[in-house]
Number of protein chains: 2
Amino acid sequence: MKALRSTRCPVSTTLDLIGDKWSLLIIRDIIFQKKYTYNEMLESVEGIATNILANRLKFLEKNELIIKRGLAANKLKKEYVLTEKGISMLPIIVEIILWGTEHLVEQEQSAVFKEIKKNKAKTLKKYTALLKERLHDVQQSN
Amino acid sequence: MKALRSTRCPVSTTLDLIGDKWSLLIIRDIIFQKKYTYNEMLESVEGIATNILANRLKFLEKNELIIKRGLAANKLKKEYVLTEKGISMLPIIVEIILWGTEHLVEQEQSAVFKEIKKNKAKTLKKYTALLKERLHDVQQSN
DNA sequence: CAGGATCCCATAGGATACTG
DNA sequence: CAGTATCCTATGGGATCCTG
């Protein structure tokens with residue numbers, strides 16, 4: 001992943017951040033699947049290679065969408081947490097979910113996706129609150 | 001561009017459609033910059049190569065986000081029009097614009113982007129109506 | 001004008017083995 | 001457990017020239 005296109009268009013610069021096959025899936029899993037650690041993500045994100053996952057996590061961290069911290073319980077274990085900037089990406093993901101369920105995927109949906117379809121605003125609020133709570137917990141424990 | 005990942009996750013399948021550097025920029029230009037023809041896009045989309053543009057247009061057409069039609073005035077000239085499916089992608093782009101203007105791009109914004117920031121729902125409605133009108137015009141002239 | 005054809009390079013990304 | 005290191009391939013994508 002290279003530097004962002006230095007243009008004045010918010011669409012192209014944002015695409016430089018999440019316009020690839022993987023970044024948004026990682027964020028999706030942090031948000032909806034509660035996958036916070038490296039190996040959890042390795043299993044959860046559909047077939048991502050270990051070097052690619054490492055690369056993306058670093059890239060997302062560098063661009064301040066996530067932060068990494070060690071877990072007190074186990075010094076070896078690290079977990080990733082969405083920053084405020086990362087959390088504010090939720091509306092984008094929600095719209096993508098809505099579009100995808102409407103136009104591409106017809107099968108049974110996960111509970112969260114149904115929830116979004118049923119009441120977007122409410123679900124958005126709920127998950128934003130959850131994520132902020134988690135972020136603040138992490139910031140306090142420093 | 002390959003086939004879509006056949007998964008049940010709407011995020012990953014949608015990313016297979018627009019999770020690249022270019023596709024969404026093409027759609028952005030059709031919507032906001034009123035770039036409808038090949039050469040207009042070639043100039044407008046930041047430095048895209050001719051083979052890449054052709055590739056993406058074909059891919060978007062194949063996935064029914066755009067349709068192509070010849071212009072009566074000039075048999076050689078073609079123009080691209082968003083389908084209903086393509087138009088319904090507008091909320092995704094709007095959220096990306098909002099996020100990008102908030103977190104990445106600080107400079108003066110284009111009028112449209114300011115409009116979105118000021119009143120998202122209204123702007124969404126307005127552009128959706130405009131695009132549908134154009135689509136119906138095209139469908140009638142067949 | 002709307003693309004196709006070609007050439008070529010950089011890099012995304014898969015597989016696997018290894019390490020602090 | 002959380003990555004690194006390496007090797008290798010596919011393909012994204014730039015530049016340029018060509019054509020119906």
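Given the structure is predicted, the values throughout are model-derived calculations rather than measurements.
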Legend entry - Side chain of A:Ile52 - closest among D:dG13, D:dG3, C:dG14: C:dG14
Legend entry - Earlier contact from the 5' end, DNA chain D, for A:Leu57 and B:Ile48: A:Leu57
Inset, instruction - Using only side-chain N and O atoms of B:Tyr80, determine if any of them is under 4.0 Å from OP1 or OP2 of C:dG3. - result: yes
Inset, instruction - Measure from CG on A:Asn55 to C1' on C:dT11 and round the result to the nearest Å. - result: 11 Å
Legend entry - Polar pair under 3.5 Å, donor/acceptor by atom type, side chain B:Asn51, base D:dG14: yes
Inset, instruction - May I ask you to check whether A:Tyr80 and A:Tyr38 place their ring centers less than 6.0 Å from one another? - result: no
Inset, instruction - Specify the closest pair of heavy atoms between B:Ile30 and B:Arg134, including all atoms of both residues, with the distance to one decimal. - result: CG2-NH1, 4.3 Å
Legend entry - Distance-only donor-acceptor check, side chains A:Asp16 and A:Thr13, under 3.5 Å: no
Inset, instruction - Check B:Val81 against B:Leu135 and note the closest heavy-atom contact, atom names and distance. - result: CG1-CA, 4.0 Å
Inset, instruction - Check whether any side-chain N or O of B:Lys85 sits under 3.5 Å from a backbone N or O of B:Asn63 as a donor-acceptor pair, and report yes or no. - result: yes
Legend entry - the helix from C:dC1-D:dG20 to C:dG20-D:dC1: angle between end helix axes, five pairs per end, rounded to 10 degrees: 60°
Inset, instruction - Give a yes/no on whether any side-chain N or O of A:Arg56 is located under 4.0 angstrom from OP1 or OP2 of C:dG13. - result: yes
Inset, instruction - Would you mind telling me which of C:dA2, C:dG13, D:dG3 lies closest to the side-chain atoms of A:Ala54? - result: D:dG3
Inset, instruction - Would you kindly give the CD-to-C1' distance between B:Glu46 and D:dG13, to the nearest whole Å? - result: 15 Å
Legend entry - Side chain of A:Thr50 (C-beta onward), nearest among C:dG3, C:dA17, C:dG13: C:dA17
Legend entry - Within 6.0 angstrom of A:Lys132 NZ, more than 12 heavy atoms from elsewhere: no
Legend entry - For atom OH of B:Tyr36 and atom P of C:dA2, their distance in whole Å: 15 Å
Inset, instruction - Would you give the length of the straight line joining atom OG1 of A:Thr123 to atom NZ of A:Lys118, rounded to the nearest 0.5 angstrom? - result: 9.5 Å
Legend entry - Euclidean distance, atom OH of residue B:Tyr38 to atom P of D:dT19 [Å, nearest integer]: 16 Å
Legend entry - Between C1' of D:dG13 and NZ of B:Lys21, the distance in whole Å: 8 Å
Legend entry - Interatomic distance where CG belongs to B:Asn39 and C1' belongs to C:dG4 [whole Å]: 14 Å
Inset, instruction - Give a yes-or-no answer on whether the side chains of A:Ser88 and B:Glu102 include a donor-acceptor pair shorter than 3.5 Å. - result: no
Inset, instruction - Give B:Thr37 one of three labels, base, sugar-phosphate or nothing, depending on what nucleic acid heavy atoms sit under 4.0 Å from its own. - result: sugar-phosphate
Inset, instruction - Taking all non-hydrogen atoms of both residues into account, name the closest pair between A:Thr37 and A:Lys78 and its distance. - result: CG2-O, 3.3 Å
Inset, instruction - With rounding to the nearest 0.5 Å, note down the distance linking CD1 in A:Ile116 to CD1 in A:Ile97. - result: 3.5 Å
Legend entry - Nearest-angstrom distance from the residue atom CZ of A:Arg69 to C1' of D:dA2: 16 Å
Inset, instruction - Name every residue in residues 58-68 of chain A that has at least one heavy atom under 4.0 Å from any atom of DNA chain D, in order of residue number, or write none if there are no such residues. - result: A:Lys58, A:Lys68
Inset, instruction - Look at the side chain of A:Lys77 and decide which nucleotide, out of C:dG13, D:dG13, D:dA2, has an atom nearest to it. - result: D:dA2
Inset, instruction - Check the distance between D:dG12's P and B:Leu53's CG and give it to me in whole angstrom. - result: 15 Å
